[in-house]
Protein chains: 2
Amino acid sequence: MRYHKVPDETIRRLPVYLRGLCSFPNDGSRSISSQQLAEVLHVKSPQVRKDLSYFGDIGTPGVGYDIQKLKKHIRTILRLNNTHCAALIGYGNLGAALLKYTGFKTFCVEISAVFEINPRKIGRVVQKIKIEDVSNISSLRKRGISVAILAIPALESQDVTDKLIDAGVGGILNFTPSYLSAPTNVKVVNIDIGVSLACLPYYLPVGA
Amino acid sequence: MRYHKVPDETIRRLPVYLRGLCSFPNDGSRSISSQQLAEVLHVKSPQVRKDLSYFGDIGTPGVGYDIQKLKKHIRTILRLNNTHCAALIGYGNLGAALLKYTGFKTFCVEISAVFEINPRKIGRVVQKIKIEDVSNISSLRKRGISVAILAIPALESQDVTDKLIDAGVGGILNFTPSYLSAPTNVKVVNIDIGVSLACLPYYLPVGA
DNA sequence: GGATGTGAATCCATTCACAGCA
DNA sequence: TGCTGTGAATGGATTCACATCC
């Protein structure tokens with residue numbers, strides 16, 4: 001296929017496809033069509049085909065996609081072949097929940113370091129991980145950790161972000177309600193829980 | 001302004017604008033321009049203007065937007081004038097964190113009921129709320145609760161969703177990694193934590 | 001002068017429709 | 001025949017540029 005910039009939206013759907021494939025019976029047929037996959041995930045089949053086509057000819061015309069090969073292919077694209085270690089910044093209510101969250105396993109991502117500002121929490125061992133002072137963030141580069149999850153109060157978010165960037169972190173999952181300023185080579189994905197909830201009442205039928 | 005369908009993206013930005021306005025000094029100038037607001041929130045100023053223009057002439061040419069009036073206006077649009085009560089389904093790690101989450105206050109949304117499947121948790125009182133059996137979900141309609149937060153395992157998600165819809169819930173914030181089938185008059189907003197994290201490695205510089 | 005509100009233009013993503021291959 | 005891969009068409013949302021109004 002000729003060169004095309006891969007849309008962010010496509011990248012975002014690849015993990016969804018991967019999870020869909022993982023939940024597929026491994027024993028039965030070895031192949032799956034774009035239509036079958038689309039049906040399970042509630043997306044359109046041309047979307048699946050176009051998304052995958054950005055990365056070369058992965059499927060077989062007349063047959064479909066080999067399930068195992070497709071899984072491997074998506075993992076390779078997303079760089080999820082070998083386990084990624086992530087740093088969790090902030091061990092408050094949300095941080096603690098994220099540390100126990102099991103939904104990262106499918107994607108071979110694992111939280112392997114936890115940082116805190118609160119001195120009372122530093123040094124505690126949680127889920128076999130010793131909570132470190134945020135000043136230790138600078139050690140992330142030599143520890144090979146380049147992904148971070150930010151679950152701290154908004155006020156400190158930019159300070160800590162700067163530290164993360166200094167430490168060579170290239171991807172940040174931001175749970176704070178702040179815009180994080182970062183260079184273009186650092187990817188920030190925002191999850192704004194408050195905003196997501198605040199949208200709902202708008203859609204309620206009038207009178208409810 | 002003539003009739004135009006309001007894009008979902010616009011609705012999603014309104015809470016962001018609202019939060020931005022709330023953090024603005026209340027004492028100083030009474031007005032704010034689209035440019036000032038855009039700067040704080042890191043969006044483009046024509047975007048702010050177009051978003052707001054969907055709802056009539058809110059601003060004053062040559063002056064800007066009256067901060068207090070704009071806040072009130074956005075709250076009215078989003079139906080956030082009076083406090084909305086929300087039901088939390090699932091008191092696991094994530095559910096517990098969400099119950100303590102303080103980021104809903106800005107938007108006048110408050111969790112006022114908690115439901116669980118696990119009998120060991122039912123009856124416990126957390127944050128002054130007594131955890132109820134999921135079978136009680138049917139009581140939501142007469143309790144005037146029409147928004148729900150779903151933080152349960154994927155397996156049960158559709159079953160519980162059906163219960164919520166039966167109970168008249170019109171908006172669901174879905175933290176499960178499943179597609180929820182719902183009628184068009186029920187709004188589902190998805191937060192897929194695993195997928196959001198799984199996207200990050202793709203953007204890392206090669207070799208990292 | 002200065003900032004809004006908005007049609008027009010642009011950009012981006014989704015969907016279609018079909019050529020080409022197994 | 002059946003399904004992929006893809007250029008073309010469509011559909012939406014963002015951005016521009018300017019007429020309009022305080």
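Chain identifiers are assigned alphabetically (A, B, ...) following the order of the sequence lines, protein sequences preceding nucleic acid strands; residue numbering begins at 1 within each chain.
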* Structure fact -> Winner on side-chain proximity to B/R49, out of D/dA8, D/dA17, C/dA8, is D/dA17
* Structure fact -> Per atom distances to the A/E9 side chain, the nearest of C/dA13, C/dT6, D/dT6 is C/dA13
* To do: Verify whether one side chain among A/D8 and B/Y203 offers a donor that lies under 3.5 Å from an acceptor in the other.
  => yes
* **salt bridge (charged side-chain N to carboxylate O under 4.0 Å, His left out) partner of B/D192, the single match among A/R13, A/R19, A/R12** => A/R19
* Structure fact -> Interatomic distance, CD1@A/I67 vs NZ@A/K72, rounded to 0.5 Å, equals 15.5 Å
* A/Y101 and B/N93: side chain donor to acceptor below 3.5 Å -> no
* Asked: A/L37 has an atom CG; how far is it from atom C1' of D/dC3, in whole Å?
  -> 14 Å
* For atom CD of A/Q35 and atom C1' of C/dC16, their distance in whole Å -> 14 Å
* Asked: Distance check: side-chain N/O of B/Y54 vs OP1/OP2 of C/dT4, anything under 4.0 Å?
  -> no
* Nearest to side-chain heavy atoms of A/P46, which nucleotide of D/dT4, D/dG5, C/dC16 -> C/dC16
* B/D66/B/K71 ion pair, N-O < 4.0 Å -> no
* If you measure from the Lys or Arg side-chain nitrogens to the Asp or Glu carboxylate oxygens, is any gap between A/R143 and A/E132 under 4.0 Å? -> yes
* Asked: So, is A/S33 close to the D/dC3 phosphate, meaning a side-chain N or O under 4.0 Å from OP1 or OP2?
  -> no
* Integer-rounded Å distance: C/dT6 C1' and B/D57 CG -> 10 Å
* Side-chain N or O of B/Y65 closer than 4.0 Å to phosphate OP1/OP2 of C/dG2 -> no
* **Length of the line joining A/Q36:CD and D/dG2:C1', which is rounded to integer Å** => 12 Å
* CD of B/Q36: more than 12 outside heavy atoms within 6.0 angstrom? -> yes
* How many Å lie between NZ on B/K44 and C1' on D/dT14, as a whole number? -> 9 Å
* Integer-rounded Å distance: D/dT4 C1' and A/L70 CG -> 13 Å
* Asked: Can you say whether the rings of B/H42 and A/Y179 are parallel (under 30°), tilted (30 to 60°) or perpendicular (over 60°)?
  -> parallel
* Asked: Given C/dA13, is OP1 or OP2 found less than 4.0 Å from the side-chain N or O atoms of A/Q47?
  -> no
* Asked: Atom CG of B/L52 and atom C1' of C/dT4: how far apart are they, to the nearest Å?
  -> 10 Å
Please tabulate the protein-to-nucleotide N/O contacts below 3.5 Å involving nucleotides 19-22 of chain C, giving atom names and distances.
from   : atom 1 : to    : atom 2 : distance (Å)
C/dA22 : O4'    : A/P61 : O      : 3.2

* Asked: Which nucleotide, D/dT6, D/dT14, C/dT6, lies nearest any side-chain atom of B/R13?
  -> D/dT14
* B/E156 and B/I117: which non-hydrogen atoms are nearest, and at how many Å? -> OE1-CD1, 3.4 Å
* Asked: Between B/E110 and B/K128, is there a side-chain N and carboxylate O pair less than 4.0 Å apart?
  -> no
Polar atoms only, N or O, under 3.5 Å: list the protein pairs with nucleotides 9-12 of chain D and their distances.
none

* **Whole angstrom value for the distance that separates C1' of D/dA13 from NZ of B/K50** => 9 Å
